[in-house]
Amino acid sequence: MMLAVLLVSTAVAAASSHPHPLDPLSAAELTAVRAAVLASPLVPARPLYFHYVGLDEPEKPEVLSYASGAGASATALLPRRALVIARADGQSHELLVDVTDASAPSVLSHAVHRGAGFPMMTTEDQVAAMALPPTYPPFVDSVRRRGLNVSDVGCGVISRGWFGAGQPAYGGGRVAKMQCFVTAGSANFYARPLEGVTLVVDLDRVAIVGYRDRVVEPVPKAEGTDYRADKLGPPFTGPATAPGVVVQPEGRGFHIDGRVVRWANWEFHVGFDMRAGMVISLASIQDADAPGGQLRRRVLYRGFVSEVFVPYMDPVEEWYFHTFIDAGDYGLGVSASPLLRGADCPANAVYFDGYYADADGKPVEAMDVVCLFERYAGDVAWRHTKFGPRGRMETEVRPDVTLVARTVVTVGNYDYTLDWEFKTMGSIKCVVSLSGILEMKATSYTQVQQIKSDAHGTLMAENTVGVYHDHFITYHLDLDVDGTDNSFVKNTMVPERNTGDPATGGADTPRRSYWTVRREVAATEADGQVNVNGPPADLLFVNPSKKTKVGNEVGYRLIPAGATGASLLADDDYPQRRASYTKRQVWVTPYDRSEKWATGLYAEQGTGEDSLGAWSKRNRGIKDRDIVLWYTVGLHHIPYQEDFPVMPTLSGGFQLRPANFFDSNPLIRTRPPADHNYPNCSCGVASM
């Protein structure tokens, strides 16, 4: 018996000399990009800092030709290009760099961004800014006035957002705000804020340009805030469960070729981007009912988290700008955490690495940022028990085994576990699981009874308020359901009275009511915007040119799985203008290669003029053409004491499920489980 033999210590290597056209940029390619940019006369100013370097993927028809096999013998002909956003001389520069031959890279184009907003802040931006407060005299005075040592206080960088023309310009530079915490006494410094103090820093000049100490509140005590195991035990008095191990007696069920995964009836590509994090591409499924069972049918061209918008609900001076745009401000790939083996992912997981560019343009290895594993959760794929005469029973059951691709993104205080789960029946399930630490506000309150006005949060512990906030996680999903040209269909369930007249759908029976379906095909983008909390409806993506044997259009259905909150902010509020798409969970747009980021390419301090909401005002056609689904998982978060000092996981998501895609249940001919009677044992884990 072979037990969980998949503990691979490094990322899976590419299987050929040429990368897949959607492979993320390699360390060698990033190095070549850096050399080309620094050698180019197009941006002579120095210093020059790299804020984003990502794959500029080939045109979609070229990639689809490659994936179908037509381009397999000409892989080298597909270009390898990088999009670079760099800062120099106070300007944002866009460069397109060809690295098809990494030994001779070349800059293909250059432009200067003249509009609103800035690229992602770099890690180096933040580290440089963090070094400023301890030597800034007004800040030192504020810390001492609170009876603290400057060496026990640290500060973090927060985007100041955009709040219209009245927002201080600070000389027109790229500025951010900083707020501080007591770092001594507990690893959980978020629970010990230095309330009332706000600094403004010019990130380009690396200088403090604004400061305010508005109010003094007690610093919450360190006791009870730590979450580290070595500080909490032994003994460990929490609930105990028996350990388990994954048994795969025939080895793993999937095969990896470079970054292409093949498992059961699925095939897909796993990518990585410094802004988006994990990217799933070219997901297709094998149709066992096709001649020879060899037909591979397309489902998803490209899918990733486009943005994470987290607005807090306290309007006071130190909090009103806490309206985070995590992907656009910080980068989800840059924020991806190395996965803890055996904890973040089970023992049968395989791991992928990634690379991104630091501010100097040099490659940074992000190790173990994606894991892949088969999940045996004891769920049922399908079952039925037939009761026959004389008490006879016949039961058929097929167990549900799924394949999960997982990444964890830690943006400041919050941890987001992002799962793509592939099911053999054809479904793709995306799940967002939130954990980590609340953003907390220091207060004089020690008991709920003392609160006489809106505290904008929940009293979590003495002198500690967990502030109300939202999480909006928006997915970019370029669906290609059995082909490129699709339509969006809304099947609304409509109640009807039984008139008794067969001509109107009734019948002469005692039944008084029923419901039926009103089918609407979205013609334009305005028709493709849906609040899923409205009247009950099935939301379908169909291919009008493909039919089942009985004539139904083949399709996939979007099924929300909890967390369907929509923004409650006023339409004219500045954060809402930047993320106007959060008023509805579903948006459908025509495919546009440049429309990737829901908040725009330059989201940091962006105004919303280049965003999903702005693009859709053109009201383009979306019927029977290449379309993109944007789906937002939304959670309104009222903190509770169980969320302190660290929050137990809270999840939401959605599922893309076949809807007349197959002629029947694709699992109907699945082999029933064998009665192996594997022992329930605790065994060592082999590695390879």
Side-chain angles (χ1 to χ4, degrees), residues 1 3-4 241-242 244-254 261-268 283-290 293 295 297 299 346 348 372-406 419-431 433 481 491 493 515 517 536 538-540 548-550 552 554-562 651-681:
M1 184 183 297
L3 302 179
T241 58
V245 64
V246 177
V247 178
Q248 292 185 289
E250 298 177 9
R252 69 186 183 198
F254 56 87
V261 177
R262 297 180 182 90
W263 171 78
N265 48 353
W266 279 104
E267 179 179 305
F268 57 91
S284 63
I285 191 164
Q286 185 173 309
D287 188 348
D289 290 329
L295 179 62
R297 302 170 67 186
V299 178
N348 63 326
L372 187 73
F373 61 92
E374 289 161 291
R375 173 180 281 160
Y376 302 83
D379 295 329
V380 172
W382 69 264
R383 80 172 315 282
H384 181 64
T385 296
K386 170 189 166 186
F387 293 91
R390 291 183 290 277
R392 292 183 57 192
M393 287 191 305
E394 293 181 5
T395 298
E396 290 283 343
V397 182
R398 300 295 182 270
D400 192 26
V401 180
T402 64
L403 184 68
V404 178
R406 170 174 294 170
D419 284 357
W420 287 75
E421 185 172 1
F422 294 84
K423 295 176 174 286
T424 52
M425 64 83 59
S427 288
I428 302 174
K429 185 178 180 182
C430 291
V431 179
S433 299
V481 177
N491 280 344
M493 297 158 213
W515 61 259
V517 173
D538 278 4
L539 305 178
L540 307 175
T548 62
K549 290 178 181 178
V550 298
N552 288 308
V554 304
Y556 260 71
R557 178 161 58 115
L558 170 66
I559 305 175
S651 299
F654 61 93
Q655 186 174 167
L656 298 168
R657 182 181 175 96
N660 299 325
F661 189 82
F662 300 105
D663 281 307
S664 64
N665 181 351
L667 304 183
I668 197 68
R669 285 188 291 277
T670 302
R671 180 184 292 110
D675 186 12
H676 290 302
N677 290 318
Y678 294 128
N680 181 12
C681 61

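Computed from heavy atoms alone, side chains included, the values below leave out hydrogens, waters and symmetry copies.
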*Which heavy atom in Arg392 sits nearest to a heavy atom in Glu394, and how many Å separate them?*
NH2-OE2, 4.0 Å
*asked:* Quick check: closest heavy atoms across Ser651 and Ser433, and the distance to 0.1 Å?
replied: OG-OG, 2.7 Å
*Distance-minimising heavy-atom pair for Pro673 and Val397*: CD-O, 3.5 Å
_Greater than 12 external heavy atoms within 6.0 Å of Arg383's CZ_ = yes
*How far does OH of Tyr556 sit from CG of Asn660, to the nearest 0.5 angstrom?*
12.0 Å
*Go through Leu372 and Leu403 one step at a time and tell me if the side-chain contact (heavy atoms from CB on, under 4.5 Å) criterion holds.*
CA-CA 7 Å; Leu372 187 73; Leu403 184 68; 4.0 Å; yes
*Taking the side chain from Gln248 and the backbone from Asn348, do they hold a donor-acceptor pair closer than 3.5 Å?*
no
_If you apply the rule side-chain contact (heavy atoms from CB on, under 4.5 Å), what do you find for Arg398 with Leu667, and how did you get there?_
CA-CA 8 Å; Arg398 300 295 182 270; Leu667 304 183; 5.7 Å; no
*Between atom OG1 of Thr424 and atom CG of Asp400, what is the distance when rounded to the nearest 0.5 Å?*
6.0 Å
*Step-by-step side-chain contact (heavy atoms from CB on, under 4.5 Å) determination, Met425 to Arg657*: CA-CA 8 Å; Met425 64 83 59; Arg657 182 181 175 96; 3.5 Å; yes
*asked:* Let me confirm one number: the CZ-CG distance from Phe654 to Leu539, rounded to the nearest 0.5 Å.
replied: 12.5 Å
*Measuring from Thr402:OG1 to Trp263:CH2, what's the distance to the nearest 0.5 Å?*
6.0 Å
*To the nearest 0.5 Å, what is the distance between CZ (Arg262) and CZ (Phe254)?*
13.5 Å
*State the CG-CD1 distance between Asp289 and Ile668, to the nearest 0.5 angstrom.*
10.5 Å
*Parallel, tilted or perpendicular: ring planes of Phe268 versus Phe422, cut at 30 and 60 degrees*: parallel
*Using side-chain hydrogen bond (donor to acceptor under 3.5 Å, both in side chains) as the criterion, list what pairs up with Arg375, not counting sequence neighbours.*
Glu421
*asked:* When you compare the side chain of Val246 with that of Phe373, does any pair of heavy atoms fall below 4.5 Å?
replied: no
*Of all the heavy-atom pairs spanning Asp663 and Lys549, show the shortest one and how long it is.*
OD1-N, 2.9 Å
*Tell me, with the steps shown, if Ile428 and Val299 meet side-chain contact (heavy atoms from CB on, under 4.5 Å).*
CA-CA 10 Å; Ile428 302 174; Val299 178; 4.2 Å; yes
*Do Val554 and Arg297 have side chains that get closer than 4.5 Å, going by heavy atoms?*
yes
